[in-house]
Amino acid sequence: MIGKSFGPRISDLLAPSGPQRALILASFVNRVGNGLFNTASVLYFTLVVHLPAARVGVGLTVAGLVGLLAGIPAGNLADRYGPRTVWLTAFATQAAAMTAFVFIDDWVTFTLIATLDRLAATAGGAAGGALIARAGGERPAAFMAKLRTFVNLGVVLGTGGAAFAVAVDTRAAYTVLILANAASFACAGLIALGGVPNYRPLPRPEEHHRWAVLADRPYVSFVALYGAMGLQYQTVSLLLPIWLSAHTDAPRWTVAAVSAVNSGVCVLLQSRIGSRVETPRQGGRAFRLAGLLFLVSCPLMALTADVPAWVAPGLAVLAVCVHSLGEVWESSGGYALGFGLAPDHAQGQYQGFFGVGFNAGQALAPVVLTTAVLGLGHAGWLLLGAFFAAVGAAGPPVTAWAERTRRPGGDTAGTADGRPDEAPLPETA
């Protein structure tokens, strides 16, 4: 059960539900490894493997875009054969890919391995979403919020551990980080194998087909909104650090401080707020509230360039606190809508598409934020806040549209625009 106190508790890991406990532990271990790897990966590829930074960026972009292709097919496999099998296969593939990174010495090999890793990550996301839907029972969004709390904590711990290897700055130190990440995938898989049931596929209606999610226009619209709102993540991790470094007199430690505050707020509040956002209607309202909070936080971030150096860190922390609160509401609303609007028998397919939309937004975020926002300066920050508010405002009407097209229990009713089907779609999967 989720207590009334702030933040995660060890007792949450000892919840009565064995599958939930195993999923939390597996995800936590995996994200500790991710934190170790992500912090030092670019340094390893550029300083140890001696790949040019620009080519590393191109390789990662290619890998990320190709990886999107696995979302819906992997989700269909999870729906057809069971999500645990696909999830474990993805973990095994990523463990192998991480290990292979230790032996690369050219850009082509790097890109191929990175692409394999991204394909497996996308597949794992689709299957993991379906597992969360099954293990979460009647409250998958609340369980996802609890899970994300421990995921964030795992990344923070992994990032802190990576700092030691970065300080040592040797090939051996970076190799240890990469192999530790590979081991985290293997350990997470073993935890899931022992503690997560091999859920059987749910019966599918006759009209189900393997691309059904693409015909569900309300859900596609929601995913587009969620992908667009996802720009907010890199607003804190990418845009604000550049702004603080290049346009303000804030001390350099401010960048680390705002990152720590962002992680801390999310860890402390995700479960508490997520437990209050479980239905699609609540999700739509949470999405709108998140947009309004971003409308406040973005101008505050811009103002850090207009205050004395001793004021800028405090203003940046205040802005990130507001922004992080919006992030928690946004993610909670996304979970409520992502799970609540998906048919039970097709959670894998729908979660796969959900992940594709989010990752596509993340792929576009650096270009949009660094060119449009930084290029316009203060006006860019104001436009960014207005953009988030407009996207958030679309949450409730899109939710209402989606609910009108669904039967009780989450299945879509008729065609995606709410009219009855003239004929059932053929079974193709």
Side-chain angles (χ1 to χ4, degrees), residues 26-27 30-31 33-39 41-42 44-45 49 51 53-79 83 85-101 104 106-132 151 155 178 181-182 184-186 188-189 210-211 213-214 220 223-224 226-228 230-231 233-234 237-238 334 338 347-368:
S27 300
N30 176 230
R31 290 310 176 92
N34 290 167
L36 291 170
F37 176 74
N38 293 340
T39 303
S41 59
V42 174
Y44 171 77
F45 296 132
V49 185
L51 296 175
R55 300 200 76 186
V56 170
V58 171
L60 293 176
T61 299
V62 170
L65 293 176
V66 175
L68 297 178
L69 300 176
I72 295 179
N76 280 322
L77 289 174
D79 293 331
T85 300
V86 177
W87 207 44
L88 293 177
T89 302
F91 274 158
T93 303
Q94 288 191 274
M98 283 298 125
T99 303
F101 273 136
I104 65 170
D106 65 273
W107 180 81
V108 173
T109 305
F110 157 73
T111 303
L112 290 175
I113 295 174
T115 300
L116 178 63
D117 173 67
R118 288 300 87 199
L119 286 168
T122 302
L131 276 175
I132 291 166
V151 161
V155 172
I178 294 173
N181 190 29
S184 78
F185 285 111
R210 68 177 65 186
W211 302 107
V213 66
L214 299 181
V220 170
V223 170
Y226 192 72
L231 292 176
Y233 290 97
Q234 295 195 42
S237 65
L238 174 68
Q347 282 286 355
Q349 180 186 142
Y350 273 64
Q351 298 312 313
F353 182 69
F354 180 83
V356 167
F358 176 77
N359 290 329
Q362 294 304 292
L364 294 174
V367 174
V368 173

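Numbering starts at 1 and runs along the sequence shown.
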So, do [X] and [Y] sit near enough that their side-chain heavy atoms are less than 4.5 Å apart?
{"X": "Met98", "Y": "Asp117", "answer": "yes"}
{"X": "Phe91", "Y": "Asn30", "answer": "yes"}
{"X": "Phe353", "Y": "Val220", "answer": "yes"}
{"X": "Phe101", "Y": "Val49", "answer": "no"}

Of all heavy-atom pairs between [X] and [Y], which one has the smallest distance, and what is that distance?
{"X": "Ala95", "Y": "Ala186", "value": "CB-N, 4.3 Å"}
{"X": "Ala123", "Y": "Ala70", "value": "N-CB, 4.3 Å"}
{"X": "Phe185", "Y": "Asn34", "value": "CZ-ND2, 3.7 Å"}
{"X": "Val151", "Y": "Ser27", "value": "CG2-CB, 4.0 Å"}
{"X": "Gly338", "Y": "Gln351", "value": "O-NE2, 3.1 Å"}
{"X": "Val86", "Y": "Ala74", "value": "CG1-O, 4.2 Å"}

Report yes or no: does [X] contribute a side-chain atom to a donor-acceptor pair with the main-chain N or O of [Y] at less than 3.5 Å?
{"X": "Trp107", "Y": "Arg55", "value": "yes"}
{"X": "Thr122", "Y": "Gly67", "value": "yes"}
{"X": "Gln362", "Y": "Gly230", "value": "yes"}

For this session: Would you please test Phe110 and Leu60 for side-chain contact (heavy atoms from CB on, under 4.5 Å) and show each step?
Result: CA-CA 9 Å; Phe110 157 73; Leu60 293 176; 3.8 Å; yes
Exercise. Parallel, tilted or perpendicular: which describes the rings of Phe45 and Phe37, with under 30° parallel and over 60° perpendicular?
Worked result: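 The arrangement is perpendicular - the two ring planes meet at more than 60°.
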Exercise. For Tyr233, which residues count as a ring pair (Phe, Tyr, Trp, His ring centres under 6.0 Å) partner, sequence neighbours excluded?
Worked result: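 In terms of ring pair (Phe, Tyr, Trp, His ring centres under 6.0 Å), with neighbours along the sequence ignored, Tyr233 is linked to Phe358.
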For this session: Take Val356 and Leu69 through the side-chain contact (heavy atoms from CB on, under 4.5 Å) test and state the conclusion after the steps.
Result: CA-CA 8 Å; Val356 167; Leu69 300 176; over 6 Å; no
Problem set entry | CG-CG distance between Leu364 and Asn359, expressed to the nearest 0.5 angstrom |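 These two atoms lie 11.0 Å from each other.
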For this session: Working to the nearest 0.5 Å, report the span between CG of Leu51 and OH of Tyr44.
Result: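 Here the interatomic distance stands at 9.5 Å.
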Exercise. Between Gln349 and Asp79, is any side-chain donor less than 3.5 angstrom from a side-chain acceptor?
Worked result: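 Not at all, the side chains of Gln349 and Asp79 share no donor-acceptor pair under 3.5 Å.
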